[in-house]
Student: 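Sharing a structure below in structure tokens format, with a few things to ask.
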Amino acid sequence: METRKENQQNDVIDLKELFFVYVKKWWLLLLGALAGAVIAFSVSSFLITPKYESTAMLYVLSKTTSVTSMVDIQLGDALAGDFSVIAKSNPVIDQAIEKIKEKTGKEFTRSQVLSMISVSNQETRILVIRAVSTDPEDASIVANCVADATKDQMAEITKSDPPTTVEDAEPAQAPVSPNIVKNTEKGFLLGLVLILAILTLQTVMNDNIKTAEDVENYLGLNTLVVVPDFGNKRKSRKEKKRKD
């Protein structure tokens, strides 16, 4: 028993044996991968609510600013980062909520609007305001209203003309999430990996003695005689006799 335990502790994973297990169970691997793909596709198509994204863009420099001035350009770069913070400030959000109510009659809270929008400038003078919602119309209206409120707040703070609108947000024609194709691919791979893990664990944890080499490795005994298994052949002969 001590020899067997020592050999089990020093045993390594037989990659060749694992390979043949995978080949033998190829149908199970394929079934697991397909099951994962079907589940991921079903969840993405029927259980996850689609979300739509709309984008409004502002040019930080005002119409009266001379773009030929290096000082103005550097100022625009610096202000873009500041305006990213201002765009999500309470005064801007409150003003956007009022504009949304005037246009649609819908009432939003600060937390709802903040959860819908994201603001970035990507180290340029272009301020990008994105809004995401389950309703494409709401996404475009929220993005435009926040952009308008941001322009007003910028003009008030800088005591100058408001930034120029580069692009108004429009209702999206297709959802940005969920990505059904990518989710299905991930489900396929996850199902395949799961079955591979299960087969690997079963093979590694199986310490049954099956061959003469196992007897020598686990018990430390030499094999003198190997008796073939004629069980299946005897059964087949008996069945033939019964049929005759």
Side-chain angles (χ1 to χ4, degrees), residues 44-183:
S44 300
S45 301
F46 305 110
L47 298 182
I48 299 179
T49 304
K51 291 186 178 181
Y52 300 84
E53 180 183 273
S54 292
T55 302
M57 291 188 289
L58 303 177
Y59 190 62
V60 173
L61 296 179
S62 64
K63 297 178 181 179
T64 58
T65 303
S66 173
V67 295
T68 60
S69 172
M70 184 59 66
V71 176
D72 291 339
I73 294 176
Q74 292 176 347
L75 179 62
D77 291 338
L79 290 177
D82 296 337
F83 289 161
S84 297
V85 178
I86 294 173
K88 301 183 74 172
S89 63
N90 288 338
V92 170
I93 300 302
D94 291 341
Q95 186 177 348
I97 291 173
E98 293 179 3
K99 291 178 179 290
I100 295 170
K101 187 175 181 180
E102 291 176 1
K103 291 184 178 181
T104 65
K106 296 181 179 179
E107 295 185 2
F108 289 87
T109 63
R110 284 181 182 175
S111 59
Q112 287 176 329
V113 175
L114 287 172
S115 65
M116 293 170 64
I117 66 169
S118 61
V119 183
S120 62
N121 67 323
Q122 300 178 347
E123 298 182 356
T124 66
R125 291 174 294 280
I126 302 295
L127 196 65
V128 180
I129 299 174
R130 293 185 176 88
V132 178
S133 174
T134 55
D135 187 338
E137 293 290 340
D138 285 349
S140 62
I141 290 173
V142 169
N144 284 329
C145 289
V146 171
D148 292 340
T150 300
K151 289 168 57 178
D152 295 340
Q153 190 69 7
M154 286 179 181
E156 183 178 346
I157 291 175
T158 60
K159 306 300 180 183
S160 63
D161 293 336
T164 304
T165 299
V166 176
E167 180 179 284
D168 288 323
E170 297 179 354
Q173 300 299 320
V176 293
S177 68
N179 190 321
I180 297 177
V181 175
K182 286 187 177 180
N183 289 348

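Since we're looking at a predicted model, the values are computed, not measured.
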Student: Return the minimal non-hydrogen interatomic distance between Ala149 and Ala96, and the atom names on each side.
Tutor: CB-N, 3.9 Å
Student: Which atoms form the tightest heavy-atom contact between Ser140 and Ala169, and what is the distance?
Tutor: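 Minimum heavy-atom contact is O-CB, 3.7 Å.
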Student: Checking Thr134 now: which residues fulfil side-chain hydrogen bond (donor to acceptor under 3.5 Å, both in side chains) with it, not counting sequence neighbours?
Tutor: none
Student: Should Ser120 and Arg130 be marked as a side chain to side chain contact (heavy atoms under 4.5 Å, CB included) after you check the CA-CA gap, both sets of side-chain angles, and the distance that decides it?
Tutor: CA-CA 9 Å; Ser120 62; Arg130 293 185 176 88; 3.5 Å; yes
Student: If you look at every heavy atom in Pro163 and Met154, which pair is closest and at what distance?
Tutor: CG-SD, 3.1 Å
Student: Name all residues meeting the side-chain contact (heavy atoms from CB on, under 4.5 Å) criterion together with Ser89; count only those two or more places apart in sequence or in a different chain, and write none if there are none.
Tutor: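 Testing Ser89 for side-chain contact (heavy atoms from CB on, under 4.5 Å), a comparison that skips the adjacent residues, returns Ile86, Pro91, Val92.
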Student: Tell me every residue that passes side-chain contact (heavy atoms from CB on, under 4.5 Å) with Asp135, counting only those two or more places apart in sequence or in another chain.
Tutor: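 Testing Asp135 for side-chain contact (heavy atoms from CB on, under 4.5 Å), a comparison that skips the adjacent residues, returns Lys106, Ser133, Glu137, Asp138.
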Student: Sequence neighbours excluded, which residues qualify as side-chain hydrogen bond (donor to acceptor under 3.5 Å, both in side chains) partners of Glu107?
Tutor: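 By the side-chain hydrogen bond (donor to acceptor under 3.5 Å, both in side chains) rule, Glu107 matches Lys101.
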Student: Suppose we screen for side-chain hydrogen bond (donor to acceptor under 3.5 Å, both in side chains). Which residues come up paired with Asn179, at least two apart in sequence or across chains?
Tutor: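 Testing Asn179 for side-chain hydrogen bond (donor to acceptor under 3.5 Å, both in side chains), a comparison that skips the adjacent residues, returns none.
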Student: Please list all pairs passing the side-chain hydrogen bond (donor to acceptor under 3.5 Å, both in side chains) test where one or both residues lie in residues 47-56, with sequence neighbours left out.
Tutor: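 Residue pairs with at least one partner in residues 47-56: there are none.
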Student: Out of curiosity, Ile93 CD1 to Ile117 CD1, how far, rounded to the nearest 0.5 Å?
Tutor: 4.0 Å
Student: Got a sec, which residues hit side-chain contact (heavy atoms from CB on, under 4.5 Å) with Gln112, two or more places apart in sequence or on another chain?
Tutor: Phe108, Thr109
Student: Please report the closest heavy-atom contact between Leu127 and Ser84, naming both atoms and the distance.
Tutor: CD1-OG, 3.2 Å
Student: side-chain hydrogen bond (donor to acceptor under 3.5 Å, both in side chains) with Lys99: which residues, sequence neighbours excluded?
Tutor: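 Checked Lys99 against side-chain hydrogen bond (donor to acceptor under 3.5 Å, both in side chains); zero matches.
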Student: In Å and rounded to the nearest 0.5 Å, what is the SG to CD1 distance from Cys145 to Ile97?
Tutor: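 So the gap between those two atoms works out to 10.5 Å.
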Student: By the salt bridge (Lys or Arg N to Asp or Glu O under 4.0 Å) test, which pairs, at least two apart or in different chains, include something from residues 167-182?
Tutor: none
Student: Are Thr150 and Asp152 close enough, and set up right, to give a side chain to side chain contact (heavy atoms under 4.5 Å, CB included), and what steps lead you there?
Tutor: CA-CA 5 Å; Thr150 300; Asp152 295 340; over 6 Å; no
Student: Sorted by first residue and then second, give each salt bridge (Lys or Arg N to Asp or Glu O under 4.0 Å) pair with at least one member in residues 89-98; sequence neighbours left out.
Tutor: Asp94-Arg110
Student: If you take all heavy atoms of Ala139 and Ala131, which pair is closest and at what distance?
Tutor: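 Scanning both residues, the minimum pair turns out to be O-CB, 3.2 Å.
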Student: Just verifying a value: how many Å separate Gln95 CD and Asn90 CG, rounded to the nearest 0.5 Å?
Tutor: 13.0 Å
Student: Mind listing the closest non-hydrogen atom pair of Ala87 and Val146 along with its distance?
Tutor: O-CG1, 4.0 Å
Student: Carefully, step by step, assess Thr164 and Leu58 under the rule side chain to side chain contact (heavy atoms under 4.5 Å, CB included).
Tutor: CA-CA 6 Å; Thr164 304; Leu58 303 177; over 6 Å; no
